[in-house]
> 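Starting off with a structure, shown below.
Numbering of ligands and ligand atoms starts at 1, following listing order.
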Amino acid sequence: MLVSGQSSVGTGTALICLLSAFSALFTPAVSVKEHDFKKCDQSGFCKRNRAFADHALGSGHWQSPYNILPETKSFKDGQFHATILKTINNNGDAVKLPLTISFLESGTARVTVDEEKRQKKEIELRHDSKARKERYNEAEQWVIVGGLALDKDAKVGSEDKSQITVQYGPSSKFEAVIKFSPFTIDFKRDGSSQIKFNDKGLLNVEHWRPKIEKAEPEKEEGEKGSEEKKEEEPKGEDESTWWDETFGSNTDSKPRGPESIALDIEFVGYEHVFGIPSHAGPLSLKQTRGGEGNYQDPYRMYNADVFEYILDSPMTLYGSIPFMQAHRKDSSVAVFWLNAAETWVDITKAKESKNPLSLGINARTTTTTHWISESGLLDVFVFLGPKPHDITRKYGELTGYSAMPQEFAIGYHQCRWNYVSDDDVKDVDRKMDKFKIPYDVIWLDIEYTDDKKYFTWDSHTFPDPIGMGKQLDSHGRKLVTIIDPHIKNVDGYQVSSELKAKEHAVKNKEGNIFDGWCWPGSSNWIDAFSPAAREWWASLFKYDSFKGTMENTWIWNDMNEPSVFNGPETTMPKDNLHYGGWEHRDVHNLNGMTFHNATAHAVTSRKPGELRRPFVLTRAFFAGSQRVGAMWTGDNQAAWDHLEASIPMVLSQGIAGFPFSGADVGGFFGNPDKDLLTRWYQAGAFYPFFRGHAHIDARRREPYLAGEPYTAIITAALRLRYTLLPSWYTAFRQANVDGSPIIKPMFYTHPGEEAGLAIDDQFFVGNTGLLAKPVTEKDKLSVDIWIPDDEVYYDYFSYNTISTAKGKKVTLDAPLDKIPLLMQGGHIFARRDRPRRSSALMKWDDYTLVVTIGRDGKSAEGDLYVDDGDSFDFEKGQYIHRKFVLDAAAKTLSSTDGEGRDPKSIKEGQWMKKMREVGVDKIIIVGAPASLGANKEVTVESEGKSWSASVEYTPAAKGQAAFAVIKKVGSRIGADWKVVFA
Ligand SMILES: *[C@@H]1O[C@H](CO)[C@@H](O)[C@H](O)[C@H]1NC(C)=O
């Protein structure tokens, strides 16, 4: 949720008082509010670097002033070192920039540029600043968890006075051509250029310089003063934002002066670039330098509480992942820009012809990106693919893979701002049961607290939180309560007095505890960069400390961009100071992740010996947040276009390694009509994170309130989600082991199909072959699904065979009660078909397997991953991973261990022992050839026994594929078994 100066804020009179006091003091914006957030030309370093680019690209003879000093170069053990000299004037003065290029075992290359003067702290800070002098060099410490081993086999291929070539990567197929003068790098795969650094000469490292104080009067004359300044600076460098910068009512003191870094990164022959979430726009990123259909402004990454955000915009949102993947037919490459400061990315595309005489014919498009960060090191990782999956895997090796979630967390979450009392919560819980609507978690927004003091309860409205928790627990349900990073600054509140006394709070530029405004009014912010602060934070979550919570209580971290109502762009002043003396400017985009992580660690240590996976939802995030929990796309609106926008946004999260994501179902602001609400549930059933949420002013909209036929249709969507939970969980496991997205766009699954590369409104679920295209348009009663390959597709619900060809669109009827969902032939996926109230109650239910016969009529494959859904025992082998293979020619369907483990070698813990009672109930074979249904019985062989099971065969008819149903299969899910059709 967020601040927005809403005219009515519902129940809390305290809140109304607060907001009016706040309005009187700070003139908050009234509605969105593009102008509350900077455009590039209002952000000094962005404007300067764009001007630099215009100058470089506009002059026919631009020469980048960055040159490697050849005598400084060395190459050893997979690392290239050299000094880059930046020429700064005509007197031959130059700045030394240490360069390191690391070639990693994974085949990833890393380029790091620092600045010697700042590195050695040989600079002076203005305003007696207590900030650190170095460029921020600790992003790696928070973000990178592995994959940094150097490639000892990387070798110099050739070398002369002007350049050096390093061969690296798998079978030395990768090559980096490092030119000295000017400094450029050309990354090649199999001899052809893929990614070029500084080819356009936009590398810019704003070096430290002392401020030359101008005569006082000149400054005060304003307009005139700056004109005079221009005359003094014939080169026309715009110094106006070097030393301080004002936006709205806030002035940034910038004690280190200008310090931005920028680089052009060219993707040679690549037309599409994806990633750099979160933005509300298409998956395939747009050009940003104007022109028809393009944006005017670069994509921005500066985590912010952007209320009522606008769609189709490069504006920043709540979280940032500076990872970008480029794709063309059959090839993917990527870069990861490891920098947590405010960052902008310009994107331009140009047609290039291989043959200059036939311009336009055979022309391919090259995408040039211009990355601009306010401070810190220049630190970029380069991935040369070639498959999208190679890239997500290697990116995950560095930044970590998605954490295995609490199993309940992939069920449905029922939230609103606010459930007003413990009775209200219990009532909603009972009504969900009465209407047989499954859900796992009910959520409490800020109003449950005593006066927005986190870790307390409002004793009038929530007199008995434990009683509430117990009712939920009685059918396996959970409670999530919100805990934000701002701590009410008030006497008599122990959390506040400890925060201040122990100095765990973020400081202002003077080194005093920073005070700002948020929900509670005057607040201080915990500094989660401090280990001691994190330890203290953890102590607050102990069951005997946060009273009223129990083992089924989990946490929601909101407002952690951080949102500061009276701060610049609704966040913290950049010259605030964090642990270690780093300015907020340096760590801004990391801030949300460190807080989210501190909370996740806190809830895993609530009681000694209680080792359970945390569930903590976050709004702000950065690269690496996938290791911690889930995110949602923030405060969207109850509007059809927001529903539509949610799908590319969630897909983009998956491409950038953080797939546990979803949008508020129903839309946060406003009131969805019943059609929209229904369609949103149908789409939400395919978000990895599935939560209904609503603003405090929005009308109640729990699914049972919609009335018929809506309630029944919404319930069916929820049931579909619950039925497919085993397959969703398996997809989460894949993300956990190799970084696969959970829902996958067409370019990811079919990288060779050019026509599908930009499609972002349909997707596959994990490896199930389930292809969904939710309806996101009002009154739309059909959808066109693009078919990416020659496989056979079946309608999920009717088993109708979809007859069309690769690359064609097929129109599916989609009345309100229908979710367009196809099954690609050749897969086997698992379901649990028995309707239950919560996922916990399904834990010991038998499975149904669905087999979809492929076009070849023969084989199908799939897998299933199951563990206890709660502990970390899966890390010790306590899980079931089955691989299912149908061999229609051999007339067998078998289940074996997915990793070739010998079941006897696994020492079964309690959960695995209990799973011995869980079996395969039913197998449905869609598209089954008559040979598989020829007999009324099949033989099941398992664990040294065999028995027969009955088969019911339905021949093909009127567009519906033939299908066979094997009933009461009776084998254990965890055991090897084989069904013999003969
Ligand atoms: C997460 O918290 C743990 C425990 O305090 C700490 O060791 C780790 O550095 C933190 N990581 C991030 C990304 O904040």
> Going from OG on S373 to OH on Y136, what distance comes out if it is rounded to the nearest 0.5 angstrom?
13.0 Å
> May I ask whether E535 places a heavy atom under 4.0 Å from ligand 1?
no
> Should you measure from each heavy atom of R627, which atoms of ligand 1 turn up under 4.0 Å away?
13 (C)
> Between F595 and W525, does the ring centroid distance fall short of 6.0 Å?
no
> Note the single closest protein heavy atom to atom 13 (C) of ligand 1, along with its residue, its atom name and the distance in Å.
W142 O, 3.4 Å
> Who's the nearest protein heavy-atom neighbour of atom 12 (C) of ligand 1, and how far?
N597 ND2, 3.0 Å
> Counting heavy atoms not belonging to K500, are there more than 12 under 6.0 Å from its NZ?
yes
> Would you check the N or O atoms of R534, main chain and side chain alike, for any that come under 3.5 Å of an N or O of ligand 1?
yes
> Can S129 and D575 be counted as having a side-chain donor-acceptor contact under 3.5 angstrom?
no
> Provide the number and element of each atom of ligand 1 under 4.0 Å from a heavy atom of T594.
14 (O)
> Are N591 and N303 side-chain neighbours, meaning at least one heavy-atom pair lies under 4.5 Å?
no
